[in-house]
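Counting begins at 1 with the first residue of the sequence.
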Amino acid sequence: MTEATGQDANAGTTPVREAYRFDEAALARWMEAHVADYAGPLTVEQFKGGQSNPTYKLVTPARSYVLRRKPPGATLQGAHAVDREARILTALGSVGFPVARVYGLCTDESVIGTWFYVMAMVEGRIFWDATFPGVSREERPAYFDAMNATIARLHAIDYEALGLGDYGRPGNYFARQIARWTRQYHDDTDAGRDADMDALVEWLPANIPAGEESSVVHGDFRCDNMIFHPTEPRVIAVLDWELSTLGHPLADFAYHAMMYQMPPDIVAGLGGADLGALNIPSEQEYVAAYCARTGRDGIANWDFYVAFNYFRLAAIFHGIKGRVIRGTAASAHAQERARALPRLSALARRSMEKCR
């Protein structure tokens with residue numbers, strides 16, 4: 001995303017868009033019955049960001065809340081699982097990992113038309129630009145170190161002890177993920193085919209590195225999916241757990257570190273940025289910091305992990321394109337992401353060819 005379509009298009013709220021309206025009185029009745037200390041009247045606004053699950057700000061005289069719901073209309077099987085989001089947030093919050101508190105999950109579609117959950121509104125800063133504008137040059141390394149420490153902490157959590165042993169299937173992660181995103185790519189016929197994606201679908205399954213690891217993985221760990229403390233270089237909430245599961249931590253970390261290669265007009269990335277002038281750690285330094293925190297000597301097959309993640313993100317954008325065509329995309333900038341799909345799939349193929 002560019003500066004104009006990043007911070008401006010994503011930050012803040014807007015009146016609820018026509019396609020995403022619901023019975024606000026029914027929601028207020030549910031809040032009264034299920035949210036401790038809730039007291040109306042209730043005002044509902046829609047966040048500009050968040051292209052997958054529509055996200056709303058619920059304002060009351062005493063406090064604000066956040067509601068995440070499945071999008072209205074037909075959705076792909078297994079997508080938009082807000083119940084999984086609520087479960088992982090509750091589990092991680094129990095051990096002090098920085099997430100918003102969940103007040104309740106509703107699986108009764110008669111309330112607002114889809115499943116939803118309500119969580120606390122965490123006040124802080126979201127950086128839609130990976131160069132962290134507005135942060136002093138001297139402070140920028142501390143913000144990157146905070147992201148690095150947070151993802152390393154996530155991967156160290158004992159998910160069995162949290163009752164998350166069935167949150168995904170440990171092992172064989174890359175084969176299952178490649179199959180999943182290939183299936184969603186093929187099933188979404190509205191969005192059409194892409195030659196670069198077709199090449200990746202053929203190459204990736206035959207080139208998976210050996211070795212199995214398993215941890216909780218976020219699946220979309222980017223700077224714009226984190227809330228930072230209002231004044232300190234500290235992550236106080238990680239957002240958007242829709243893609244979380246049990247998986248390979250190096251897949252999760254490589255997706256996050258892909259920001260170093262990502263053009264900033266696609267998603268928050270540092271592609272083309274002058275890291276030295278900005279005082280941002282290099283990709284090599286950032287990877288080394290994660291390795292030090294997780295007890296690794298290094299990361300072999302790094303280019304494969306990057307190629308896999310470009311493919312996965314391209315498959316997600318392909319799904320966004322399908323939702324734009326069907327008229328069910330939740331975000332105002334979903335069309336921009338749909339238009340970016342050919343560039344993203346080309347980047348994925350370029351990363352694939354670096355592995356050969």
**OP:** Evaluate the ring planes of His218 and Phe221, with Trp represented by its six-membered ring, and classify them as parallel (under 30°), tilted (30 to 60°) or perpendicular (over 60°).
**Re:**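 The arrangement is perpendicular - the two ring planes meet at more than 60°.
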**OP:** Would you please classify the geometry between the His248 ring and the Tyr305 ring as parallel, tilted or perpendicular, with 30° and 60° separating the classes?
**Re:**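 The arrangement is tilted - the two ring planes meet at 30° to 60°.
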Supply the atom-to-atom distance [X] [atom1] to [Y] [atom2], rounded to the nearest 0.5 angstrom.
X: Ile266; Y: Leu344; atom1: CD1; atom2: CG; answer: 5.0 Å
X: Lys57; Y: Ser64; atom1: NZ; atom2: OG; answer: 4.5 Å
X: Asp265; Y: Glu336; atom1: CG; atom2: CD; answer: 9.5 Å
X: Tyr38; Y: Arg29; atom1: OH; atom2: CZ; answer: 11.0 Å
X: Asp188; Y: Arg323; atom1: CG; atom2: CZ; answer: 8.5 Å
X: Ser351; Y: Phe311; atom1: OG; atom2: CZ; answer: 13.0 Å

[X] and [Y]: which non-hydrogen atoms are nearest, and at how many Å?
X: Asp23; Y: Val111; answer: CB-O, 4.3 Å
X: Leu243; Y: Arg312; answer: CD1-NH2, 3.5 Å
X: Ala237; Y: Ala100; answer: CB-N, 4.4 Å
X: Tyr159; Y: Ser214; answer: OH-OG, 3.4 Å
X: Ala191; Y: Lys321; answer: O-NZ, 3.2 Å
X: Ile236; Y: Gly124; answer: CD1-CA, 4.5 Å

Subject >> Atom CG of Asp108 with >12 non-hydrogen neighbours under 6.0 angstrom >> reply: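 For Asp108, atom CG is crowded (more than 12 foreign heavy atoms under 6.0 Å).
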Subject >> Steps toward side-chain contact (heavy atoms from CB on, under 4.5 Å) verdict (Tyr143, Val235) >> reply: CA-CA 8 Å; Tyr143 282 82; Val235 177; over 6 Å; no
Quick one: do the [X] and [Y] side chains pair a donor with an acceptor below 3.5 Å?
X: Glu85; Y: Tyr117; result: yes
X: Tyr167; Y: Ser244; result: yes
X: Asp252; Y: His155; result: yes

**OP:** Output yes when Asp194 and Arg349 qualify as a salt bridge under the 4.0 Å nitrogen-oxygen rule, no when they do not.
**Re:**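 Between Arg349 and Asp194 there is no salt bridge, as every charged N stays at least 4.0 Å from the carboxylate O atoms.
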**OP:** Output yes when Arg63 and Asp37 qualify as a salt bridge under the 4.0 Å nitrogen-oxygen rule, no when they do not.
**Re:**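 Judged by the 4.0 Å cut-off on N to carboxylate O distance, Arg63 and Asp37 do not form a salt bridge.
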Please answer: with hydrophobic residues joined when any side-chain heavy atoms are less than 4.5 Å apart, are [X] and [Y] in the same cluster?
X: Leu278; Y: Phe127; result: yes
X: Val59; Y: Tyr103; result: no
X: Ile151; Y: Val95; result: yes
X: Ile208; Y: Leu200; result: yes

Original post:
Do Lys354 and Val306 pass the side-chain contact (heavy atoms from CB on, under 4.5 Å) test, and can you show the C-alpha distance, the side-chain angles, and the key distance before you say yes or no?
Top reply: CA-CA 10 Å; Lys354 286 173 63 178; Val306 172; over 6 Å; no
Check for a donor-acceptor pair, side chain of [X] on one end and backbone N or O of [Y] on the other, with a separation under 3.5 Å.
X: Arg296; Y: Tyr290; value: no
X: Asn207; Y: Trp203; value: yes
X: Thr55; Y: Asn53; value: yes
X: Asn279; Y: Arg137; value: yes
X: Arg222; Y: Met259; value: no
X: Arg69; Y: Tyr20; value: yes
X: Arg87; Y: Leu164; value: no
X: Arg193; Y: Tyr185; value: yes
X: Arg234; Y: Ala146; value: no
X: Asn148; Y: Tyr286; value: yes

Subject >> side chain to side chain donor-acceptor pair (under 3.5 Å) partners of Trp181, counting only residues at least two apart >> reply: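 Once residues adjacent in sequence are excluded, the partners of Trp181 under the side chain to side chain donor-acceptor pair (under 3.5 Å) criterion are Gln177.
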**OP:** Among Tyr56, Phe22, Trp30, find the one that has a ring pair (Phe, Tyr, Trp, His ring centres under 6.0 Å) with Phe116.
**Re:**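 Among Tyr56, Phe22, Trp30, the one that satisfies the ring pair (Phe, Tyr, Trp, His ring centres under 6.0 Å) with Phe116 is Trp30.
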**OP:** Determine, step by step, whether Asp196 and Arg350 satisfy the salt bridge (charged side-chain N to carboxylate O under 4.0 Å, His left out) criterion, reporting the C-alpha distance in whole Å, the side-chain angles of both residues, the deciding distance to 0.1 Å, and the verdict.
**Re:** CA-CA 9 Å; Asp196 292 329; Arg350 191 180 311 164; over 6 Å; no
**OP:** Go through Tyr65 and Arg101 one step at a time and tell me if the side-chain contact (heavy atoms from CB on, under 4.5 Å) criterion holds.
**Re:** CA-CA 10 Å; Tyr65 307 86; Arg101 173 188 173 187; over 6 Å; no
**OP:** Evaluate side-chain contact (heavy atoms from CB on, under 4.5 Å) for Gln184 paired with Arg180, printing each intermediate quantity in order.
**Re:** CA-CA 6 Å; Gln184 292 206 184; Arg180 172 192 173 180; 3.8 Å; yes
